[in-house]
Structure formats: C-alpha cells, structure tokens
2 protein chains.
Amino acid sequence: MGKAYNVMAATCPSRVVLHRIGARWTVFAVNALEHGPMRFTELKAHIRGITPKALTETLRAMEADGLLVRTDLGGNPPHVEYALTDLGRSLLVPLRAVRQWAEAHVPDILAARERSGDPEPAT
Amino acid sequence: MGKAYNVMAATCPSRVVLHRIGARWTVFAVNALEHGPMRFTELKAHIRGITPKALTETLRAMEADGLLVRTDLGGNPPHVEYALTDLGRSLLVPLRAVRQWAEAHVPDILAARERSGDPEPAT
DNA sequence: AGATACCGGTATCGAATGTATACCGTCGCA
DNA sequence: TGCGACGGTATACATTCGATACCGGTATCT
C-alpha cells in the first residue's frame, strides 16, 4: 500500500507531524543531536540564539513525539542528557537534505530578496 | 568548496532560509504547486484549512524569495496564477522527502503521544 | 564564612505571529 | 435587481515567541 495519509487533508494527522517538524527549532535540535547525546547547556550553546525556554519546549515536544529521550543522570550539578531515538535518527535523513538545500541556495534567495524587497525608496 | 554556510550560526543567512521553509504553510504551497500553476482559489481549496490571509502572506513571501512567480492575467473575474520557479522546483525535492517521512511515521508519532500525553487524569 | 559559578531549567512580560470571520469591488448572468 | 465568482483586505482576537530575570542545590574560590 502507498500513502495512507495525505498532508493536504486538514483533518489528517500528518499535518500535525509536519507542523512539529516545521516548529522553528526542531530542525536545529535534530541536527545538533546528529552525532550523539548532548546536555541541555551544550545544546543551548550549540544552537546559537535559542533561549532556554524555547529549548525546553522544543525538547519536551520532541520527547512527547518520541523523537528523543531525556535521561536524567541526577547528581550535582544536575546532569541531563538528550539523545535521538531511532525515529529521531530516521528524521535526520530528510532534514539533512533540507539543510543542505538551505545552505546551497542561500545566495539565490538573498538575491531574490534584494530584487524584490529593495525597490522602495522612501516617500 | 563545501558548505559556505552553517545553519547553527545564528548570524547566518541559512537560518533565514530554514525559517521560511518551516513557515507553517510554505511546505503545503510548494507541494500543491508540484504539478503545475494554480490560481488563488484553487490553492485555497487544495490546502484545506488555510485562510486567505495566510495564503496571501505565504505566497507573497515565497514570491519575494524567488520560489514562485505570480502572474496576473487580468480580466474579469480576476485571473491570477502562481507557479513554481526553478528554485521552487528544486526545493520540491527535499520537501517531498520530508512529506513522505511525515506520512510514513504518523502512526509512530501518534503512538508516542498517546503514551506521553495521556497520563493526566484530572485533579 | 561569604561570594561566586555551574547546571537545568521556570516565571514573567511585552511583542510578534497566526487564526477566524467578515467584507470589498468588479464583472457576468438570470 | 440580486446573486455568485475571483482575488484578495480589514478587523478583532488568540496563541506563540523571545528577552530577561530568577531559582535551588552543590562545589569551589577567597
């Protein structure tokens, strides 16, 4: 059988999945965990510009969706590790393609923006 | 030369590109235009649940980024067509992979949510 | 003893973004 | 005259986002 779900359907759960993937920081978190587990502070440093709140929310949501696991190793100072699950690792594949597309086409898009966004001299 | 851009950099333009891709409706618009140009109303009907405002904004942004072209054929009733550019079509490739991943893994994610989201009996 | 730093987060607040709904002008048609 | 098609806007509201500050507990430095 082929596609059991159709992203265009509005009532379709795949909408929800796509929404999570597009959720602003998910892509970065997945990419950051590509090479192994990381701690909260490591992630925060690696994903430049993310706030702790956003990071917490992203990680919680991804955990709820089974994309990663949170392991609290206790002790003090606290030690918490985040690692991709198999599901999360499988997502890595298509996301890597997207990232590469983004990195490859930055000049095209910036050029297009120059062209369209600039023509607006004041008054 | 390899990657000239690094998505993790925060100051890096590829951030902006990724942000546009993740922009909630962009994925659907690109997918909808996969098989040829469409009119505004067609798109609105095809992408179930999108509001005209959201559609307008999505299309304008994508046009500004050179992902699609808007052609006003004038006349009455108005006739406007939206079509992917080469750049937009190239984006189709990685996005198709993401869509397929989403459609394929819906059950996994829904199951994970059951498991984690349910444990919350009132009071 | 006191001050400070590390770690993994929360709390709070204002700004930005997204959504829902209603409406617009022009034309053709009955 | 009244209605619908088309391609959007306008308005009001809800949700989410981001910046900043702060917390508890321990270890370390002075």
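Throughout, protein chains are lettered first and strands after them, A, B, ... in sequence-line order, and every chain is numbered starting at 1. Computed from a predicted model, the values in this text were never measured in an experiment.
B/Glu34 has a carboxylate O that lies under 4.0 Å from a charged side-chain N of B/Arg96, or vice versa, which qualifies the two as a salt bridge.
When rounded to the nearest whole Å, the span between CD1 of B/Ile47 and P of D/dG8 equals 14 Å. Counting to the nearest Å, the C1' atom of D/dG7 and the CG atom of B/Leu55 are 10 Å from each other. With rounding to whole Å, A/Met38 atom CE is found 16 Å from C/dG8 atom C1'. Following rounding to the nearest Å, B/Leu73 (CG) and D/dG8 (C1') show an atom-to-atom distance of 16 Å. The distance between atom CZ of A/Phe40 and atom P of C/dT10, rounded to the nearest whole Å, is 8 Å. Distance, B/Arg70 CZ to D/dG7 P: 9 Å, rounded to whole Å. The interatomic distance linking A/His79 (NE2) with D/dT26 (P) rounds to 18 Å, in whole Å. Atom CD of B/Glu42 is separated from atom P of D/dC6 by 9 Å (rounded to the nearest Å).
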query = Using a cut-off of 4.0 Å between protein heavy atoms and nucleotide atoms, how would you tag nucleotides 12-30 of chain C 5' to 3' with B, S and -?
reply = B------BB-----BS---
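Under the ring pair (Phe, Tyr, Trp, His ring centres under 6.0 Å) criterion, no residue pair touches residues 46-85 of chain A, with sequence neighbours excluded.
In terms of heavy-atom proximity, B/Leu87 sits nearest to B/Ser90 at O-OG, 2.6 Å. Of all the heavy atoms in B/Arg89 and B/Leu84, the pair that sits closest is NH1-O, 3.3 Å.
The CG atom of B/Leu67 sits 8.0 Å away from atom CZ of B/Arg20, with the distance rounded to the nearest 0.5 Å. To the nearest 0.5 Å, atom CE of residue A/Met62 and atom CG of residue A/Leu68 are 4.5 Å apart.
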inquiry  = Between A/Trp25 and A/Leu55, does the side-chain contact (heavy atoms from CB on, under 4.5 Å) criterion hold? Intermediate values first, please.
reply    = CA-CA 8 Å; A/Trp25 293 112; A/Leu55 183 54; over 6 Å; no
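Residues A/Leu92 and B/Ile21 share a single hydrophobic cluster, defined by chaining ILVMFWY side chains whose heavy atoms lie under 4.5 Å apart.
Two end axes, each from the C1' atoms of five base pairs, can be drawn for the helix from C/dA1-D/dT30 to C/dA30-D/dT1; they diverge by 20°, to 10 degrees.
Phosphate contact (OP1/OP2 of C/dG9, side-chain N/O of A/Arg39, threshold under 4.0 Å): absent. Put simply, A/Thr56 has no side-chain N or O that comes within less than 4.0 Å of OP1 or OP2 on C/dG9.
For the pair B/Arg15 and A/Phe28, the cation-pi test (distance below 6.0 Å, angle within 45°) is passed.
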